[in-house]
Number of protein chains: 2
Amino acid sequence: MPAASRTIRLVDIAREMGVSRPVVAAALFDSGGNTRVSPALAARIRATAARLGYRPNAVARQLKTGRSRLIGVVIGADNPQVNQTRLLQLEAEAFRRGYRLLIAYLHDMRESTALMADFVARGVEGVFWLHLPFCLEQPPKAAIFKQLPRVIFNEERWCPHGGVIRIDYAGGIHQAVHHLAARGHRRIGMMLAGRGGWPGDPILARLRGYQTALRELGLPGGRSHVWFGDSPDPAASAIDAALAELLDRRRVTAVIASNDQWAAETIKALRRRGLRIPEDVALVGFDNDDLARRLDPELTTVDHNHDLFVQRALELFERLAVTPAAAADEILIPARLVVRQST
Amino acid sequence: MPAASRTIRLVDIAREMGVSRPVVAAALFDSGGNTRVSPALAARIRATAARLGYRPNAVARQLKTGRSRLIGVVIGADNPQVNQTRLLQLEAEAFRRGYRLLIAYLHDMRESTALMADFVARGVEGVFWLHLPFCLEQPPKAAIFKQLPRVIFNEERWCPHGGVIRIDYAGGIHQAVHHLAARGHRRIGMMLAGRGGWPGDPILARLRGYQTALRELGLPGGRSHVWFGDSPDPAASAIDAALAELLDRRRVTAVIASNDQWAAETIKALRRRGLRIPEDVALVGFDNDDLARRLDPELTTVDHNHDLFVQRALELFERLAVTPAAAADEILIPARLVVRQST
DNA sequence: CTGAAAGCGCTTACAG
DNA sequence: CTGAAAGCGCTTACAG
């Protein structure tokens, strides 16, 4: 265990140089109150600090200033791929802006109270709540966010003072339907992994985008060409039931799957039926998971635009510090159709 | 911004109850020094704390005690799937043991000094360094870990006082070869996404496991049946070159891919050649990424055993606090062959 | 069983 | 341009 010898403090440098602590602080950081120090002295102080191996104590600073440069992030088990990719991008953008992320993985909504209490205790400057509750699950209670001045949600505002960033699921599906229509498809079916539990549920947004596009294009279908599943899990039996409905009964020539995982299982099921993609049936996914481009055929899907999401998220986060009312702003991230081989 | 009214401190409760701070601390936590307090008073204090909405200030506590219950985690871009899954599991296990994770995504090795300095400044109790450097990349310098008393690495000990946890890549490949041999394969090829840059590089371990198994089984091949790539990216051209070598020249009937991403691209390439999996060519991946079971055919692959990894990692982490010499222990996590349809 | 005091390492007004 | 002092909210030895 090296260098455990003695932690170097600001005062140690001050003593060594025969100056006061504020002088050292002014030389090393922007702090030091009104204290100003000559460039020459500042340079000497920095040299000494480097020689002694001085490391500022962020904890002491935080205690004094109340600023932690720490953001709590709650991620869920709801869509591992999407959340994990987004988390890493979020970290990159947060780091660029001088923040660090404290992560909490929400396994069970009952843990949420303790998680938020811990975030408060650690003085996070705000929380990104990226977990989407399933329809089976209780949404988070607004009370748990009370002591967190800045909270940003994904899709749904779970407490009155929180901001929300939404992905344009409806727009993504809308693009997909138009794309399929342009490829000549007139009977377009959709499979959804659930029925939608709360107002902002992406399941409902997908349905909206689908129906709007069909109407615009004058295509048949609507709810009748949508298969609703009961579980988020793309079990083979569920896929087979969906295809029996959509292909056999409704004679669709294109299927929009609930997400890329469902699409991957649909590829298997279509191959079991001896159908070619996209010649016999076109297929669209959602999420643009890493797997989408690894599938055979490579999957046409809708991308979440994580880049823009994390940028807007951090912009909003910084704006909330100045203007809490900015939480009411509507932020919608456009989704992007990524065309590959499956359509 | 609710409840920003006034933060409740220990001293506020003490005043309200007409007792001293240590008494309150003793009632609410295990702390309070020698102070003991009667159960009846403790109950009243807890009730008051709850009524006032008291939240302990972890930062003040950390400044005084030096304990942060915080672990820094460095994850890299080297294998997103593996690292992301592992990160989430690590978080779960850490939380169970009362720790929280501070994450840092390493985009560029030049950032590593600043990252470690920030971890030191924030008083993390240790670091899990999960990033594996590519052969093209500088390994981390030992000096950057100097002020971190507890460091745990994956695969390779990058500073003398750090502990290491290794995945048994060699054992995983060894299982794969034996499995293929049991299926009747005698010419087994391997494709590796690189040549291995540093002693603990998993590429070299895979090669070792492969050669040992071939020798045990008296099978032909060895290095001659291994194709070495130049890039971690499974480009179609690389896959085609590998198959030209392994299938056309060496006439192998089974291929062990560098990882699941390479395996996914190999599935496409084999289908382009009109070959069936596993009838014409058997295929094994590595990592057991989420995509492995979504591919068609579902992929036989080697699982990292993340459960055990994170458990052993946290055990070692806690042991290092008491016995720094435990860092020298060899910890090897057995990998598990997961047999699916591709073999 | 209880309280007053010191101190963790910073920052920040304030006085010189 | 510089220094002495107070204080962020806790914990902990020590004295009563």
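Chain A is the first sequence line, chain B the second, and so forth, proteins listed ahead of strands; every chain is numbered from 1. What you see is a predicted model; the values in this text were computed from it and never measured. All heavy atoms count here, side chains included; hydrogens, waters and symmetry mates do not.
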With Glu93(B), which residues qualify under salt bridge (Lys or Arg N to Asp or Glu O under 4.0 Å), at least two apart? Arg96(B), Arg97(B)
Of dT2(D), dT12(D), dG3(C), the nucleotide closest to the side chain of Val23(A) is dT2(D)
Salt bridge check, Glu16(A) against Arg51(A): does any charged N sit closer than 4.0 Å to a carboxylate O? yes
Looking only at dT11(C), dC10(C), dC8(C), the nucleotide nearest the Ala25(A) side chain is dT11(C)
Indicate, with a heavy-atom threshold strictly under 4.0 Å, whether Val59(A) touches base, sugar-phosphate, or nothing. nothing
Using the ring-ring contact (aromatic ring centres under 6.0 Å, His included) criterion, which residues pair with Phe317(B)? Sequence neighbours excluded. Tyr99(B), Phe128(B)
Nearest to the Val19(A) side chain among dC10(C), dG3(D), dT11(C), which nucleotide is it? dG3(D)
Output row for DNA chain D, stems defined as at least 3 consecutive Watson-Crick or G-U pairs under 3.5 Å, is C:1-3 with D:14-16, C:5-12 with D:5-12, C:14-16 with D:1-3
Can you identify which nucleotide, out of dT12(C), dG7(D), dC10(D), has its nearest atom closest to the Lys64(A) side chain? dG7(D)
Rounded to the nearest Å, what distance is computed from the CZ atom of residue Arg61(B) to the P atom of nucleotide dC10(D)? 8 Å
Heavy atoms of other groups near Arg44(B) CZ, more than 12 under 6.0 Å: no
Hey, which of these two, Val37(B) or Val11(A), hits DNA chain C nearer its 5' end, going by closest nucleotide? Val37(B)
Taking only N and O in the side chain of Tyr54(B), is any of them less than 4.0 Å away from OP1 or OP2 of dG9(D)? no
Starting from C1' on dT11(C), measure out to CG on Leu63(A) and report it in whole angstrom. 10 Å
Has Arg9(A) got its NZ or CZ under 6.0 Å from the middle of the six-membered ring of Tyr54(A), at an angle within 45 degrees of the ring axis? no
For atom CD1 of Ile8(B) and atom P of dC10(D), their distance in whole Å: 10 Å
Ile45(A) CD1 - dC1(D) C1' separation (whole Å): 12 Å
Phe145(B) ring centre to Arg150(B) NZ or CZ under 6.0 Å, with the angle to the axis within 45°? no
Figure out the CZ/P separation between Arg21(A) and dG3(D), and round it to whole Å. 12 Å
Interatomic distance where CZ belongs to Arg15(A) and P belongs to dC10(C) [whole Å]: 12 Å
Which of the following nucleotides, dT12(D), dT2(D), dA4(D), is nearest to the side chain of Pro22(A)? dA4(D)
Measure from the side chain of Ala60(B), starting at C-beta and using heavy atoms only, and say which of dA4(D), dG9(D), dT11(D) lies closest. dG9(D)
Criterion side-chain hydrogen bond (donor to acceptor under 3.5 Å, both in side chains) against Arg166(A), the qualifying member of Glu330(A), Glu156(A), Glu155(A): Glu330(A)
Nucleotide dC8(C), atom P - distance to CG of Asn57(B) in whole Å: 18 Å
Specify the separation, in whole Å, of atom CZ of Arg9(A) and atom P of dG7(C). 11 Å
